[in-house]
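Numbering starts at 1 and runs along the sequence shown. The figures that follow rest on heavy atoms only: side chains count, while hydrogens, waters and symmetry mates do not.
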Amino acid sequence: MGKRILIVDDEASIVTLVKFNVEQAGFETDEAYNGDEAVQKAENNDYDLIILDLMLPEMDGMEVCRHLRTNKIDTPILMLTAKDEEFDKVLGLELGADDYLTKPFSPKEVVARVKAILRRAKKAEESNATTIQIGDLTIYPDRYEADIKGNPLTFTRKEFELLYYLASHKGKVLSRDQLLSAVWNYDFVGDTRIVDVHVSHLREKIEPDTKKPTYIKTVRGLGYKLEHPTL
């Protein structure tokens, strides 16, 4: 059975265009025309990816994204936006979108983005890395889980991927651009707020004192590194 994609847009012409091209690329499709329908279908079906328009009736794309991630539905999301729409790319990705594409777009671009997101998802799923232990922090890469002293921690998918990448390069200083490229696979043209936001969220969850972090250290002018905490 092929990969199944949910296409969400209130414009039937956009749904038809995207549907035709992703099906030509070998994917199966389903469609929804408003936010409520998108949420209902995403909660009751197993999709490999969701192509989600930002401006939707009933519930907009941001709300749909937030709802799904809050309810532990981690299906990759490609957000569609129009050039004249207000869209904060950092907020969108912080809420859990995996990538975004601006309208008007070429069908080839949609298919290329879909394939890239699915490749990253497959790579993550196939990871069978061993458990990582750093101080009281234990990371289970194959389960997307971590705990502190046996107490489970709750992360968004991107928070976990950032934590895992930092832990996999323990002691190494990683620039914000490196982290953007590795975790989000996206070039923000110097806009690295998304990294700082996610590091802040991680510190709130793993640091005993966020004002004096012992795990994730800021290396001024360079970036971040995760290291064994020192007493």
Side-chain angles (χ1 to χ4, degrees), residues 1-69 73-126 157-158 161 177 180-191 194:
M1 187 175 180
K3 297 287 186 181
R4 194 171 177 212
I5 297 173
L6 175 64
I7 303 165
V8 187
D9 201 303
D10 60 327
E11 295 182 55
S13 59
I14 296 291
V15 173
T16 300
L17 175 68
V18 174
K19 178 183 175 71
F20 174 79
N21 284 278
V22 297
E23 286 183 352
Q24 287 292 301
F27 300 104
E28 297 180 7
T29 64
D30 194 1
E31 63 256 18
Y33 295 90
N34 61 60
D36 286 342
E37 185 183 8
V39 167
Q40 182 179 9
K41 287 196 169 185
E43 288 180 335
N44 292 288
N45 295 275
D46 187 17
Y47 298 109
D48 295 285
L49 185 139
I50 299 171
I51 298 175
L52 177 65
D53 187 43
L54 175 65
M55 298 302 291
L56 292 169
E58 311 298 339
M59 180 188 295
D60 69 24
M62 289 286 207
E63 291 178 87
V64 171
C65 194
R66 181 188 291 110
H67 178 91
L68 296 181
R69 297 305 188 235
I73 296 173
D74 289 330
T75 309
I77 293 173
L78 171 61
M79 190 83 78
L80 301 180
T81 73
K83 279 188 176 179
D84 58 349
E85 289 173 353
E86 286 291 327
F87 176 65
D88 186 328
K89 59 193 175 188
V90 172
L91 177 59
L93 295 174
E94 182 185 348
L95 288 175
D98 291 78
D99 201 351
Y100 74 95
L101 191 58
T102 303
K103 298 177 182 177
F105 47 76
S106 73
K108 287 184 178 179
E109 176 96 19
V110 175
V111 172
R113 294 292 184 95
V114 165
K115 288 181 176 179
I117 293 171
L118 290 174
R119 277 197 304 270
R120 296 200 301 270
K122 182 179 179 182
K123 188 176 179 181
E125 288 173 4
E126 290 177 347
R157 188 169 46 142
K158 285 302 179 186
E161 289 176 0
D177 287 333
L180 274 174
S181 177
V183 178
W184 285 269
N185 194 30
Y186 205 86
D187 179 9
F188 282 82
V189 195
D191 188 349
I194 189 70

Going from NZ on K103 to CD on E11, what distance comes out if it is rounded to the nearest 0.5 angstrom?
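If I round to the nearest 0.5 Å, the distance is 4.5 Å.
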Any chance you could measure T81, atom OG1, to L54, atom CG, to the nearest 0.5 Å?
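The OG1 atom of T81 sits 6.5 Å away from the CG atom of L54.
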So does N44 have more than 12 non-hydrogen atoms from other groups sitting under 6.0 Å from CG?
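Buried by this count: over 12 neighbours within 6.0 Å.
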Has Q40 got more than 12 heavy atoms of other residues, nucleotides or ligands less than 6.0 Å from its CD?
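No.
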Of the non-hydrogen atoms in D9 and L56, which two are nearest, and what is the gap between them?
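It is CA-CD2, 3.9 Å.
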Atom of L52, atom of C65 and distance for their closest heavy-atom approach
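In this case the closest contact between L52 and C65 is CD2-N, 4.3 Å.
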Taking the side chain as every heavy atom from C-beta outward, state whether [X] and [Y] have any pair of such atoms under 4.5 Å apart.
X    : Y    : value
L68  : I50  : yes
V110 : L17  : no
K3   : K115 : no
F105 : V18  : yes
F27  : L118 : yes

Keeping the roles fixed (side chain from [X], backbone from [Y]), state whether a donor-acceptor pair exists under 3.5 Å.
X    : Y    : answer
K158 : V183 : yes
D53  : V8   : no
D60  : M62  : yes
D98  : I77  : yes

Results of salt bridge (charged side-chain N to carboxylate O under 4.0 Å, His left out) for K41 - residues two or more places apart only
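Result, salt bridge (charged side-chain N to carboxylate O under 4.0 Å, His left out) vs K41: D30, E37.
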Test D46 against R4 for side-chain contact (heavy atoms from CB on, under 4.5 Å), laying out the working first.
CA-CA 8 Å; D46 187 17; R4 194 171 177 212; 5.9 Å; no
